[in-house]
Amino acid sequence: MFIHKAIAFIKRDFSIQTSYKLAFILHWLGYFFPLIIFYFIAKLFEKAQAMPLEAYGGRYFPYVLIGIVIVNFFGARAGIFSSSIRREQLTGTLESLLVTPTKISTTVVSLGFWNIISSTIVAFIYLVCGWLFFGVDLSNANIISSIVVFGLTIICSVSLGIISASFTMVYKMGDPVSYLFGNVMGILGGVFFPVTMLPKGLRFISHFLPITFSLKALRLSLLKGYSVGQLTTEIIALLLFSIFLLPLSILIFKYSVREAKKSGSLIHY
Amino acid sequence: MDYAVRIIKLSKEFARIRDWPSLLSNPFRNNQTLLAVNNIDLEVKRGRAFCILGPNGAGKTTLIKILCTLILPTSGTAFINGYEITKDDQKIRASIGLVTGEERSLYWRLTGRQNLYFFATLYNVFRPLVKQRVEELLQLLSIAEPDKRVGLYSAGMKQRLAIARSLLHNPPIIIMDEPTKSLDPRVSQELRIFIRDEFVHKQGKTMLFTTHNLTEAEFLADDLAIIEQGKIKAQGSWDELKGNYVYP
């Protein structure tokens, strides 16, 4: 059963991560620094007019907080599958995983589960901290539409993660997907500033990134309480991205495994 | 005759990794290849211990990886437990237990017991039986400290744990790639005795193993094939090969 295997991987990764006690503590503490940095940056420009933020309530900190939450899923998480495979290649355990009767696709997807769970926990902590300590008003939040957007965001980021893992399977290092999404999404996706501030050409490109729609929809649902009905455009866009990216990622992954098996490099690093 | 492993005209050619001048002069075409496995025919009867004996770089590991469905052959095919390697990879992986000489094939930050529980799930061991199976194997392989981190185990104990892992799903065929490679002579001999008595004599499993060590081959194998530069130079039982072939 897929679920049992996913749980086995989550248990394994949790045990390994907590076995490095200091690194575990530092890793989790590290999540709080961006919150503090952006809180003070937001404070600095509190009095400035910020017309592009009007749609989201006009304040910068709540805007960027949700940007950080989502970029955790897209930017870093798109690379998590490839980096998990890379870690298994380097520690020499990938062969042991791939000679089991478990499907390779199940193994690769399960390798990222602990990170998806920890990202979700981080997202939750960010929002709770923002609400309790940094004055982010979430009293209007529409939970249902937020969950729908979050779910679709996970599907899109997992799909991108699988495409990224496919490159690692074949090329080992030099994965353009996580490079592209790690760097470009921060600029074009509207993580730190609204896409309306971008020049026309770049604004057009931003519509081809799922993160643009995730961010807009999550901000409106959490900060302004937009319902699923009010977010139809963004939700349909995310649905289309999911319908396109998920099967594409599976196809690319199958192709990459076959290529790696042909070249004999499946377990090389 | 019922064969556990049947290899038919199997070849594997690898593209060589190119240096920068070669890559820049002709970026899209790589004519440099290496024939690692060359037209091999081989049959392993059920319940026998079969050794592939050969020096380093002879193609033993490539052949094993093809049989474990980790590498696709360039031509030819093989059947493991009746399943074809290019079509039934999951069924093949359920039919075999692989033991390599690599120490790092286990999770060193987990305990021995945690490693076995984790792999039991991946090997589709029936969930209510996992605990019983793990305890049986810990006892069978005499793993004295199963709750200690694997990184703290001796090389011999790590190899015992790797063997326990390969037996989790009780496969009919055990494949071992240089199983005593990183062990000292005393521990190697202890392990050979265990493998011969337990796998071959007691459990009657089919065992296919590779080695470059003639003593090991003689101690464990009923039948053997000698491989050099990807080609089988001779094969048969010990009695058939004795005196007819000089191992390099």
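Letters go in sequence order (proteins before strands), and every chain restarts at 1.
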Measure the shortest side-chain to side-chain distance between [X] and [Y] over non-hydrogen atoms and say whether it is less than 4.5 angstrom.
{"X": "B:F14", "Y": "A:K262", "answer": "no"}
{"X": "A:T93", "Y": "B:R104", "answer": "no"}
{"X": "B:D177", "Y": "A:E95", "answer": "no"}

More than 12 non-hydrogen atoms from neighbouring residues, nucleotides or ligands closer than 6.0 Å to [atom1] on [X], yes or no?
{"X": "A:F204", "atom1": "CZ", "answer": "no"}
{"X": "B:E84", "atom1": "CD", "answer": "yes"}
{"X": "A:I3", "atom1": "CD1", "answer": "no"}
{"X": "A:I144", "atom1": "CD1", "answer": "no"}
{"X": "A:F2", "atom1": "CZ", "answer": "yes"}

Checklist entry - Is a side-chain N or O of B:R109 found less than 3.5 angstrom from the main chain of A:I16, in a donor-acceptor match? => result no
Item to check | Flag, side chain of B:K65 to backbone of A:G264, donor-acceptor distance under 3.5 Å | outcome: no
Item to check | Proximity breakdown for B:L168 and chain A, heavy-atom pairs closer than 4.5 Å | outcome: neither
Next on the checklist: Given heavy-atom pairs under 4.5 angstrom as the criterion, report whether the side chain, backbone, both or neither of B:K91 touches chain A.
Outcome noted: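 Interface part for B:K91: neither.
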Item to check | Contact class of A:K11 relative to chain B, heavy atoms under 4.5 angstrom | outcome: neither
How long is the gap from [atom1] on [X] to [atom2] on [Y], to the nearest 0.5 Å?
{"X": "A:S96", "Y": "B:R165", "atom1": "OG", "atom2": "CZ", "answer": "3.5 Å"}
{"X": "A:T102", "Y": "B:Q90", "atom1": "OG1", "atom2": "CD", "answer": "8.0 Å"}
{"X": "A:L98", "Y": "B:D89", "atom1": "CG", "atom2": "CG", "answer": "10.5 Å"}

Next on the checklist: Among B:L98, B:I175, B:T100, exactly one meets side chain to side chain contact (heavy atoms under 4.5 Å, CB included) together with A:V99. Which residue is that?
Outcome noted: B:L98
Item to check | Largest heavy-atom contact set with chain A, pairs under 4.5 Å, which of B:P73, B:A94, B:S105 | outcome: B:S105
Item to check | Top contributor to chain B interface from A:S19, A:A8, A:S15, A:G92 [non-hydrogen pairs under 4.5 Å] | outcome: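 The option with the most such pairs is A:S19.
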Checklist entry - Residues of residues 110-137 of chain B under 4.5 Å from chain A (heavy atom pairs)? => result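 So the qualifying residues are B:L110, B:Q114, B:F118, B:F119, B:T121, B:L122, B:Y123, B:N124, B:R127.
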Item to check | Worked check of side chain to side chain contact (heavy atoms under 4.5 Å, CB included) between A:T100 and B:R93 | outcome: CA-CA 6 Å; A:T100 67; B:R93 296 200 299 262; 5.6 Å; no
